[in-house]
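What follows is one structure encoded as structure tokens, with my remarks underneath.
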Protein chains: 2
Amino acid sequence: MDEQWIIDKIKAAGLKLTRPRMLVIEVLRQNKNGFISADEIFNLINHKEKVCDLTSIYRTLTSLEEIQLVEKSDFFGEASQYRLLSHQDHYHHHHHYFKCNECGKIEVLCGDCNVVQYENDLKKRGFSNLSHRLELSGLCPSCNK
Amino acid sequence: MDEQWIIDKIKAAGLKLTRPRMLVIEVLRQNKNGFISADEIFNLINHKEKVCDLTSIYRTLTSLEEIQLVEKSDFFGEASQYRLLSHQDHYHHHHHYFKCNECGKIEVLCGDCNVVQYENDLKKRGFSNLSHRLELSGLCPSCNK
DNA sequence: TCTTTATTGCAATCTGTTTGCATTTACCTT
DNA sequence: AAGGTAAATGCAAACAGATTGCAATAAAGA
Ligand SMILES: [Mn+2]
Ligand SMILES: [Mn+2]
Ligand SMILES: [Zn+2]
Ligand SMILES: [Zn+2]
């Protein structure tokens, strides 16, 4: 059911394996590679009957972010969005996002990026410790038809 | 005092030249090339005595954004930030931002960008109408010492 | 099973922002 | 220079997303 490495990571961090946490993770897993808000998670979890409070979802997301199981994005205005980091994301994670202006879906774009060149220019100008985030928008392939 | 083209733009849009609007613009002008929040604008305007309501500042910023005199950014978490677009910004504006992790200052980086290459790759994959925003962070030259 | 400590639910609180509405103001007409 | 009109304002109330305090609960180790 839940991938083992997730369980391991939570335990290794000294966090308990609680019901709200399992529920949140399950939703995030189903939503792999996409972003989802706390409220959307809440609604998915509680659509039949209320089994978990919104507060706990926020707290869970915060904890999971701290142990780098979850990535939070304030990028797209509105409510913060979250996604489960994949096992490999966790090692060399890099943030390129695409938001479709039509369907609103946020997609994580994998692959190399050339912003590094840009960063090198900035280093020459006295900036340091650089990191970056890139947000693209437009029409996604399915809305493009 | 106020640059003429700003006045012209406001009139051309059919907006009235009101006191709150003039006050906000004056603050934005002084803050050229930097971002500032509604609340900071409020405090600057009213530091001696209250001359303008926060609501009007929000409404002013929204109006000015609509006529593209102001750019709003929800980029950096926290409160939205605004800046006055320069005359030339208005024509080929491009958004590259740098936020210093130390002093918190947000800087607008001018200059060309190579993300266009990235966009070209995406076009081949079926995306269209692409635009992008790039956020960099790290230490600015002054905090780097 | 017992004990300890983290985690939970709930209500209250917070911050940033927006809205409704009565009053005022800019500015166009006379 | 006054007057009329629609736009813009101030104030209070509402809003949304998120956070906090606290007493009750439940997970994990003994
Ligand atoms: Mn990159
Ligand atoms: Mn660019
Ligand atoms: Zn789409
Ligand atoms: Zn700095």
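In the text below, chain A, chain B and the rest are named by the order of the sequence lines, each starting its count at 1.
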So, for Glu119(B) and Leu136(A), which heavy atoms are closest and what is the spacing to 0.1 Å? CG-CD2, 3.7 Å
To the nearest angstrom, the CD1-C1' distance between Ile57(A) and dC10(C) comes to 14 Å
Rounded to the nearest angstrom, tell me the gap between atom CG in Leu61(A) and atom P in dG17(D). 15 Å
Assess whether salt bridge (charged side-chain N to carboxylate O under 4.0 Å, His left out) is satisfied between Glu3(A) and Arg29(A), documenting all intermediate values. CA-CA 9 Å; Glu3(A) 289 165 44; Arg29(A) 258 171 39 79; 2.6 Å; yes
Rounded distance in Å - NZ (Lys50(A)) to P (dT8(C)): 13 Å
Is it the case that the ring center of His96(B) lies less than 6.0 angstrom away from the ring center of His132(A)? no
Can you pull out every side-chain hydrogen bond (donor to acceptor under 3.5 Å, both in side chains) where at least one residue sits in residues 39-53 of chain B? Sequence neighbours excluded, please. Ser37(B)-Glu40(B), Lys50(B)-Asp53(B), Asp53(B)-Thr55(B)
Presence of salt bridge, Glu107(A) and Arg83(A), under 4.0 angstrom: no
What is the separation between atom CG on Leu23(A) and atom C1' on dG9(C), rounded to the nearest whole Å? 14 Å
Cluster overlap Ile57(A) with Leu17(A), hydrophobic side-chain contacts below 4.5 Å: yes
Nucleotides 18-30 of chain C: protein proximity per nucleotide (B base, S sugar-phosphate only, - neither; heavy atom, under 4.0 Å): BBB-----BS---
Under a 4.5 Å side-chain heavy-atom rule over Ile, Leu, Val, Met, Phe, Trp and Tyr, are Leu109(A) and Val116(B) clustered together? no
Between C1' of dT7(C) and CD1 of Ile10(A), the distance in whole Å: 13 Å
Ring pair (Phe, Tyr, Trp, His ring centres under 6.0 Å) between Phe98(A) and Phe127(B), intermediate numbers included: CA-CA 10 Å; Phe98(A) 175 85; Phe127(B) 293 85; 4.5 Å; yes
Send over the distance from Asp53(A) CG to dA24(D) P, rounded to a whole Å. 17 Å
Any side-chain N or O of Ser80(A) under 4.0 Å from OP1/OP2 of dA18(D)? yes
Do any of residues 37-47 of chain A sit with a heavy atom less than 4.0 Å from DNA chain C, and if so which? none
Distance check needed: dG17(D) P versus Gln81(A) CD, whole Å only. 11 Å
Figure out the CD1/P separation between Ile36(A) and dG17(D), and round it to whole Å. 14 Å
Side chains of Asp8(A) and Gln4(A) only: does a donor on one sit below 3.5 Å from an acceptor on the other? yes
